[in-house]
Asks: 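Shown below is the structure under consideration.
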Protein chains: 2
Amino acid sequence: MSLTHTQSRFNSTLTSQCQNCSLSALCLPIALADEDINKLDQIIERKKPLKKGEFLFRQGEAFDSVYAVRSGTLKTFNITSVGEEQITGFYCPSELVGLSGIDSSVYPVSAKALETTTVCEIPFSHLEELSSHIPSLKHQIFKVMSRKISDDQQMMVLLGKKNADEKVASFLLNLSNRFKKRGYSASSFRLSMSRGEIGNYLGLAVETVSRVITRFQKNELIHVDGKEIEIIDFPEMQKLVGVASDCGKIAHI
Amino acid sequence: MSLTHTQSRFNSTLTSQCQNCSLSALCLPIALADEDINKLDQIIERKKPLKKGEFLFRQGEAFDSVYAVRSGTLKTFNITSVGEEQITGFYCPSELVGLSGIDSSVYPVSAKALETTTVCEIPFSHLEELSSHIPSLKHQIFKVMSRKISDDQQMMVLLGKKNADEKVASFLLNLSNRFKKRGYSASSFRLSMSRGEIGNYLGLAVETVSRVITRFQKNELIHVDGKEIEIIDFPEMQKLVGVASDCGKIAHI
DNA sequence: GCCATTTGCTGACCCAGATCAAGGATTTCC
DNA sequence: GGAAATCCTTGATCTGGGTCAGCAAATGGC
């Protein structure tokens, strides 16, 4: 992935990068005509990689772009009044970060790299302007935002109603689905976030996350080696999740 | 409010209802030219009132419209695998319901009236088509959706990190703000949802909601009479909320 | 008006998960 | 390569809020 990026960045053919990008089908999965893809491509800026811990943008900064993750992982978070961070999301390749900034024209969250991460910057004013001329692009933006709204509502259900086991199982299956969608293994992947960050995101203490993961391993639902996760017993994990998987099914009928 | 509605529905001047609607500044608070407002107005259908308990739409139904609440209150909810409902939001006048249906083209939640409620139906395909010709309308839709995303993320923080007191205080102040914005009293209002629905929404047992509200009253933070709420000590309530109010401030700098 | 149902309040008890503590494993960075 | 910092795990203990139960007060149907 980062190789692809490096190539695109340093050779001189600046047209149709989106077309060649392995993520194009996911980033904005639409049937755009070639010429439209070129137009979209021209407004996108490929930025140099962020190192682990670097900020993509900070809470309170002026909003001007959304970003598509090309490789690596980001987290978004708020800083609370007592100075602790509250993680609101993790972003994998092909996912869009920054959509929540459109309303107030500042980013309401900060975004930080969990590992070396490359992104495409999409200046929102250009995207909006371009969407006026490409109805399918506009529709796609509506869809992406709508999807984010219903995903976040699933997350609200998780936080409000689920116990620790259900939360961790949901989290792992959610990641699994996202990896699967972008062509990676659904059963075996690497957690780029720490146990502490998982707990923060799920509303659990680090210790609880650790205990649940250990127990899942004991019960042979998953196999764990540090940050490497392998999901062994999908049916059992899905049974644990219950609620969310059903809602997911209904949502895709 | 319902008087205004009745008038608009039964007299014959069908133009520029949006213009006259007392909610127009909130529903889509934009500087639309008069002719644009007329265009918008023409695609909007004012539906007959929903009685308490009636559905506006059901989870799994084909998505075709978003709805602006004119009077009354709605709740949206999922039905979980074990048949219990999980409330994902309450909608007051001027707020838009149904945006989460755009992505999957079915509504991922159900919407039900908590009291007699009137709505304007806005067929989404028309709205989208119209937005192609009115850039400020398109921008406005992006803003409304973006706002929803950041609001939901605040809700995630609430559910994940806050204790019962903070949850209830946040809930009451959130309602207060929404009433204030639409010109009603920020300190004195009526809860159209039951204690059970509040608990469901906040991830608390009914009993806890009841106990917290009683305690707030004892400590003279609020005054309660059944469903009537008066917020007496705003500073103290805001201190309880902590996190969210700060984020709110940052978001509006 | 009267009974049935729903909604709200409060007390007693209990448990899932937080907190505290402490040791081992990784990663980071001179 | 080694010290420091961070991260992960496990055990012991504590507690906020869930659950159960009982009663009072609204609300609604006939």
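Letters A, B, ... mirror the listed sequences (proteins, then strands); counts begin at 1.
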Asks: In whole angstrom, give the distance that lies between atom CG of B:Asp225 and atom C1' of C:dC9.
Replies: 14 Å
Asks: To the nearest Å, how far apart are B:Lys51 NZ and D:dT27 P?
Replies: 19 Å
Asks: Just the rounded figure in Å: distance from P of D:dT13 to CD of A:Glu207.
Replies: 16 Å
Asks: Between D:dG18 and B:Thr208, is there an OP1 or OP2 to side-chain N/O distance shorter than 4.0 Å?
Replies: yes
Asks: Step through it carefully: locate the ring centre of B:Phe90, locate the ring centre of B:Tyr201, and say whether they are under 6.0 Å apart.
Replies: yes
Asks: Hey, are B:Glu115 and B:Lys51 close enough for a salt bridge, meaning a charged N less than 4.0 Å from a carboxylate O?
Replies: no
Asks: When you get a sec, tell me which of C:dT10, D:dG17, D:dT9 is the closest nucleotide to the side chain of B:Thr214?
Replies: C:dT10
Asks: Take atom CZ of B:Arg211 and atom P of C:dT10, then tell me their distance rounded to the nearest Å.
Replies: 9 Å
Asks: So if I take every side-chain heavy atom of B:Lys227 and compare against D:dA21, C:dG8, D:dG18, which nucleotide ends up nearest?
Replies: C:dG8
Asks: A:Val206 has a side chain; which of D:dG17, C:dG17, D:dT9 sits nearest to it?
Replies: D:dT9
Asks: Quick one: is C:dT27 close enough that its OP1 or OP2 comes under 4.0 Å of any side-chain N or O from A:Lys52?
Replies: no
Asks: Base, sugar-phosphate, or nothing: which does A:Ala164 touch, judged by heavy atoms less than 4.0 Å apart?
Replies: sugar-phosphate
Asks: Compare side-chain N and O positions of A:Ser194 against OP1 and OP2 of D:dT6 and report whether any pair is under 4.0 Å apart.
Replies: no
Asks: Checking all strands, does A:Gly196 fall into the base, sugar-phosphate, or nothing category for heavy-atom contacts under 4.0 angstrom?
Replies: sugar-phosphate
Asks: If you measure only the distance, is there a donor-acceptor pair under 3.5 Å linking the side chains of B:Glu121 and B:Ser65?
Replies: yes
Asks: For B:Ser192 and B:Lys227, test the side chains for any donor-to-acceptor distance below 3.5 angstrom and give the result as yes or no.
Replies: no
Asks: Considering every strand and a 4.0 Å limit on heavy-atom distances, what is the contact class for A:Gly53: base, sugar-phosphate, or nothing?
Replies: nothing
Asks: May I have the distance from A:Leu202 (atom CG) to C:dA16 (atom P), rounded to whole angstrom?
Replies: 19 Å
Asks: What is the separation between atom CZ on B:Arg195 and atom C1' on D:dA24, rounded to the nearest whole Å?
Replies: 15 Å
Asks: Looking at every strand, decide which applies to A:Gly199 at a 4.0 Å heavy-atom threshold: base, sugar-phosphate, or nothing.
Replies: nothing
Asks: Taking CG from A:Asn200 and P from D:dT6, how many angstroms apart are they, rounded to a whole number?
Replies: 17 Å
Asks: Take the protein atom CG of A:Asp165 and the nucleotide atom P of C:dC15, then report the distance between them rounded to whole Å.
Replies: 17 Å
Asks: Checking side-chain polar atoms at under 3.5 Å, does B:Ser100 have a donor or acceptor matched by the opposite partner on A:Ser146?
Replies: no
Asks: Given D:dG17, C:dA16, D:dT9, which nucleotide is nearest the side-chain atoms of A:Asn163?
Replies: C:dA16
